[in-house]
**Q** 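Sharing a structure here in structure tokens format.
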Amino acid sequence: MQQLSLFDINDPIEDEREELLRLRNELREHNYRYYVLSAPTISDREFDEKMHRLEALEQRHPEWMDPESPTQKVGSDLAQKNPKVQKTGNFEQVAHRYPMLSLANTYSEEEIRAWLDRVYKGLDYTSSNTPIEIVCELKFDGLSISLWYEHGKLTKALTRGDGVKGDNVIDNIRTIPTIPQDISSKTDLRSVELRGEVLLPWENFERINKQRELAEEPLFANPRNAASGTLKSLDPELVRARGLSVYLYYVLGDNLPGNSHSERLDWARQLGFPISEAMRVCKSVDEVMDFIHFWDKERRNLPVATDGVVLKVNNLKQQEQLGFTAKTPRWAIAYKFEAEKQLTQLEEVSYQVGRTGAITPVANMTPVQLSGTMVHRATLNNEDFIRQLDLHEGDFVWVEKGGEIIPKITAVETSRRQENARPITFIRNCPECGTPLVRFEGEAAWYCPNDNCPPQMKGKMEHFVARKAMNIDGLGAETIDLFFELGLIRNIADIYQLRAEDIAPLQGFGERSAERIIQGIEASKQVPWARVLFAIGIRFVGETTAKKLARAFPNIDLLMAADEEQLIAVEDVGNEIARSIRRYFESADNLAIIERLRKAGLQLEGEEATMSVGNSLEGLSIVISGVFEHHSRDEYKALIEQHGGKNVSSVSAKTAFILAGGNMGPAKLEKAEKLGVKIMSETEFLQLIGEIQ
């Protein structure tokens, strides 16, 4: 039986604001997965589409611009570090001499032509002028690197990092035989920097994955992920054994020979640096398109992964004249190739149960070679997706790996459909426990509502112990599965009832392993409230949302008592998230687990609960809007809470006042004027709470 609820009627402006904030959080998370974890979960194209949508929203609403937005900063591959120490493991973090920016990209030939038009306009050229030279190069799919040479000797090798500083992986770079260690006999330049891409050739990628498969280790998704993980290894001998390669594509420094990009690359090639021969200086749009079309087919014969073509203005003075945006050069753009696709046959559809109970259909297909790997499974997302494909039993389907990451079915070849083939119909009962499935209004997924469904129970525990949640050492997926099957744990609260004497006798453990698990469990009791909230696994409450909820509700009792209106008042919490939180705390089983976690000693309140410094804002609902001089927005939110007030995101008749900085949002201003809500300046607010006289 479906569970339905009435649609909420929302303010279109607030809907766009909510979408903008959600996209920023999503893109930050995907950047972290791509650059730091080397484990992306969406294709490059899906990422780019989200980024373009965010850019459009920010252009439409400049009052919402944030210098920390993913549209204004490059993704960071910096490893996490102690702020008091300038090293991450063995990696020193070093500031780039020149910002290491990313490239604007496109999948459209029309946008390539539009970019060329902008270049001509930016340089004030007309068709009667000498054509602007454009260098076309292959866009290799690896990890960006910056090599520093001082007096001819290689001294540093920095990853892109956050564009301002990078990790110095010099010891690992020295294991790549094609990178010169000393060029002092060939040039007397005091300093030169070369930038490029570290790669893992297909041959080595396949060899490594075969070794990992034999060792029952997780396989790398693609060469880029493998290259990234390898370069961040703390073991140079492992790096050497993997067999990384590199192509360099940019030369920086003072007093360098040549007045063009291509001349400098030719100079670097003569010094022995690995510069790709697959490049061409073009003088017309047609020449550029010819290069793109040729390599779109020929790239399949290359020994390394490439996913597009980079176009650069060749003349260095023209590059300087065109300049940069906040995160990209105006004189360069990347054209991304369409993802490779293959035709194969559907054998059957199976169904997986996630930790939240969501049912994911999976296509099991005849294995097919795609982007260097054998593909035999692809997600079908949900019932609506299957209907849109009009998928039938035994259909031949087109499969692609967007960005060479996640296989997906893009179309059905209906011309090869068998007669009397039956349509694929979505199941109506859980494949694990048999419980009838439910589908909530406004959602595409079907769910198993049985909290005691085994995959959900194990999935929730795996999420709970994860590094970014409770970070319990020794409790991985296999261990949780074993403990579950033995009846030692059935939910997250049971973890705190485990004893070393229960674990030590089990095969593959012993006293030392048992003690390590118990110590990890004990240490998790000090994990702060925000992470505990993330760990308990409320649907739609991710890491960032959990932090904001923990700040707004300093302990779990306040959160449990909050109604939907109070929850929606928290930044980034919309109707869907609010309803999910309420559903979670309306479950008697969940409340029982929370009480057991409380008795176990987990941190179910934060420091904010004891940080009250006054009551001048007691009972007042306050909206923050604009840019401030004396404090950041987050600091003002904390001040409001410390003085007894409540932060709300939208203006209503219940709003006491708007704390307004520069560039206040026009929609909020208009609504405030309509409702007669007071606008308070930054100075007036600081006087109200007694920070200034």
**Q** Which heavy atom in P70 sits nearest to a heavy atom in L54, and how many Å separate them?
**A** CD-CD2, 4.2 Å
**Q** Less than 4.5 Å apart, any side-chain heavy atom of L20 and any of H61?
**A** no
**Q** Begin from the C-alpha positions of E193 and S146 and carry the test side chain to side chain donor-acceptor pair (under 3.5 Å) through to its verdict.
**A** CA-CA 7 Å; E193 177 182 348; S146 169; 2.5 Å; yes
**Q** Give a yes or no on whether E203 atom CD has more than 12 heavy-atom contacts from other residues, nucleotides or ligands under 6.0 Å away.
**A** no
**Q** Supply the atom-to-atom distance E109 CD to I112 CD1, rounded to the nearest 0.5 angstrom.
**A** 8.5 Å
**Q** Is the shortest side-chain heavy-atom distance between S245 and I176 below 4.5 Å?
**A** no
**Q** Mind checking whether Y149 and F273 have ring centres under 6.0 Å apart?
**A** yes
**Q** Between the side chain of E197 and the main-chain N/O of G142, is any donor-acceptor distance below 3.5 Å?
**A** yes
**Q** Do D307 and K336 come within less than 4.5 Å of each other through their side chains, counting heavy atoms only?
**A** yes
**Q** Working to the nearest 0.5 angstrom, can you tell me the gap between K232 NZ and T159 OG1?
**A** 4.5 Å
**Q** Decide, yes or no, whether a salt bridge links D290 with R280 under the criterion of side-chain N to carboxylate O below 4.0 Å.
**A** no
**Q** Would you find more than 12 non-hydrogen atoms of other residues, nucleotides or ligands less than 6.0 Å from R53 atom CZ?
**A** yes
**Q** Does E277 pair with R269 as a salt bridge, N-O distance under 4.0 Å?
**A** yes
**Q** May I ask you to decide if G243's main-chain N or O and N204's side chain share a donor-acceptor pair within less than 3.5 Å?
**A** yes
**Q** Would you say the side-chain atoms of R299 pair up with the backbone N or O of D296, donor to acceptor, closer than 3.5 Å?
**A** yes
**Q** How about L252 and V192: do any of their side-chain heavy atoms sit closer than 4.5 Å?
**A** no
**Q** Set out, in order, the CA-CA distance, both residues' side-chain angles and the distance that settles side chain to side chain donor-acceptor pair (under 3.5 Å) for N301 and E298, then state yes or no.
**A** CA-CA 6 Å; N301 299 320; E298 189 62 24; 3.2 Å; yes
**Q** Would you check, one step at a time, whether the test side chain to side chain donor-acceptor pair (under 3.5 Å) holds for E58 with S69?
**A** CA-CA 10 Å; E58 290 179 343; S69 170; 2.7 Å; yes
**Q** Before you tell me yes or no, could you show the steps for T106 and S108 under side chain to side chain donor-acceptor pair (under 3.5 Å), namely the whole-Å CA-CA distance, both residues' side-chain angles and the distance that decides it to 0.1 Å?
**A** CA-CA 6 Å; T106 178; S108 161; 4.7 Å; no
**Q** Under the 3.5 angstrom rule, does the side chain of H151 hit a backbone N or O of S184 as a donor-acceptor pair?
**A** no
**Q** Can you tell me how far the CG atom of L147 sits from the CG atom of L248, to the nearest 0.5 Å?
**A** 5.5 Å
**Q** For H376, does the NE2 atom have more than 12 heavy-atom neighbours from other residues, nucleotides or ligands under 6.0 Å away?
**A** no
**Q** So do E400 and E338 actually touch side chain to side chain, heavy atoms under 4.5 Å?
**A** no
**Q** Locate the shortest heavy-atom distance separating I409 from F385; write the atom from each residue and the value.
**A** O-CZ, 3.4 Å
**Q** For N168 and A157, which heavy atoms make the closest approach, and how far apart are they?
**A** OD1-N, 3.0 Å
**Q** Does one side chain, of R97 or S191, offer a donor that lies under 3.5 Å from an acceptor on the other?
**A** yes
**Q** Any non-hydrogen side-chain atom of L322 less than 4.5 Å from a side-chain atom of L123?
**A** yes
**Q** Sub-3.5 Å donor-acceptor pair from the side chain of D162 to the main-chain atoms of K165, do we have one?
**A** yes
**Q** Between CD of Q319 and NE2 of H261, what distance do you get to the nearest 0.5 Å?
**A** 7.0 Å
**Q** Apply the test side-chain contact (heavy atoms from CB on, under 4.5 Å) to residues I173 and V198: give CA-CA distance (whole Å), side-chain angles for both, the deciding distance (0.1 Å), then the verdict.
**A** CA-CA 9 Å; I173 284 295; V198 176; 4.0 Å; yes
**Q** Between E320 and K317, does at least one N-O distance fall below 4.0 Å, as a salt bridge requires?
**A** no
**Q** Side chain of R118, backbone of R330: donor and acceptor closer than 3.5 Å?
**A** no
**Q** Can you see which heavy atom on L231 is nearest to which on N172, and at what distance?
**A** O-ND2, 2.8 Å
**Q** Please report the interatomic distance CD1(I333) to CG(N105), rounded to the nearest 0.5 Å.
**A** 7.5 Å
**Q** Do you know the tightest heavy-atom contact between L200 and A226?
**A** CD2-CB, 3.5 Å
**Q** Strictly below 4.0 Å, N to O, side chains only: are E287 and K283 in salt-bridge contact?
**A** no
**Q** Can you name the closest pair of heavy atoms from C136 and C282 and give their distance?
**A** SG-SG, 3.7 Å
**Q** Is the backbone of I134 close enough, under 3.5 Å, to the side chain of N314 for a donor and an acceptor to pair up by distance?
**A** no
**Q** Looking at N225, is its backbone amide N or carbonyl O close enough to the side chain of S228 to form a donor-acceptor pair, meaning the two atoms are under 3.5 Å apart?
**A** no
**Q** Before giving the answer on side-chain contact (heavy atoms from CB on, under 4.5 Å), spell out for V94 and W148 the whole-Å C-alpha distance, their side-chain angles and the decisive distance to 0.1 Å.
**A** CA-CA 11 Å; V94 178; W148 292 17; 4.0 Å; yes
**Q** What orientation do W202 and F205 show, parallel under 30°, tilted 30 to 60°, or perpendicular over 60°?
**A** perpendicular
**Q** Hey, does the side chain of D182 reach the backbone of K153 with a donor-acceptor pair shorter than 3.5 angstrom?
**A** no
**Q** Check the pair E237, R240 against salt bridge (charged side-chain N to carboxylate O under 4.0 Å, His left out), reporting the backbone distance first and the verdict last.
**A** CA-CA 5 Å; E237 289 308 311; R240 190 187 307 277; 3.5 Å; yes
**Q** Is E543 paired with R28 through a side-chain N to carboxylate O contact shorter than 4.0 Å?
**A** no
**Q** Just by distance, do the side chain of R264 and the backbone of N259 share a donor-acceptor pair under 3.5 Å?
**A** no
**Q** Once you round to the nearest 0.5 Å, how far does CZ of R160 lie from CG of L158?
**A** 12.5 Å
**Q** side-chain contact (heavy atoms from CB on, under 4.5 Å), that's the test. Do I145 and V169 meet it? Break it down for me.
**A** CA-CA 9 Å; I145 197 71; V169 291; 3.8 Å; yes
**Q** Does the side chain of W295 reach to within under 4.5 Å of the side chain of L138, using non-hydrogen atoms?
**A** yes
**Q** side-chain contact (heavy atoms from CB on, under 4.5 Å), that's the test. Do D141 and T306 meet it? Break it down for me.
**A** CA-CA 5 Å; D141 195 16; T306 181; 5.9 Å; no
**Q** Determine the interplanar angle of the Y250 and W331 rings, folded into 0 to 90°, and report it as parallel if under 30°, tilted if 30 to 60°, perpendicular if over 60°.
**A** parallel
**Q** Taking the side chain as every heavy atom from C-beta outward, state whether D167 and Q93 have any pair of such atoms under 4.5 Å apart.
**A** yes
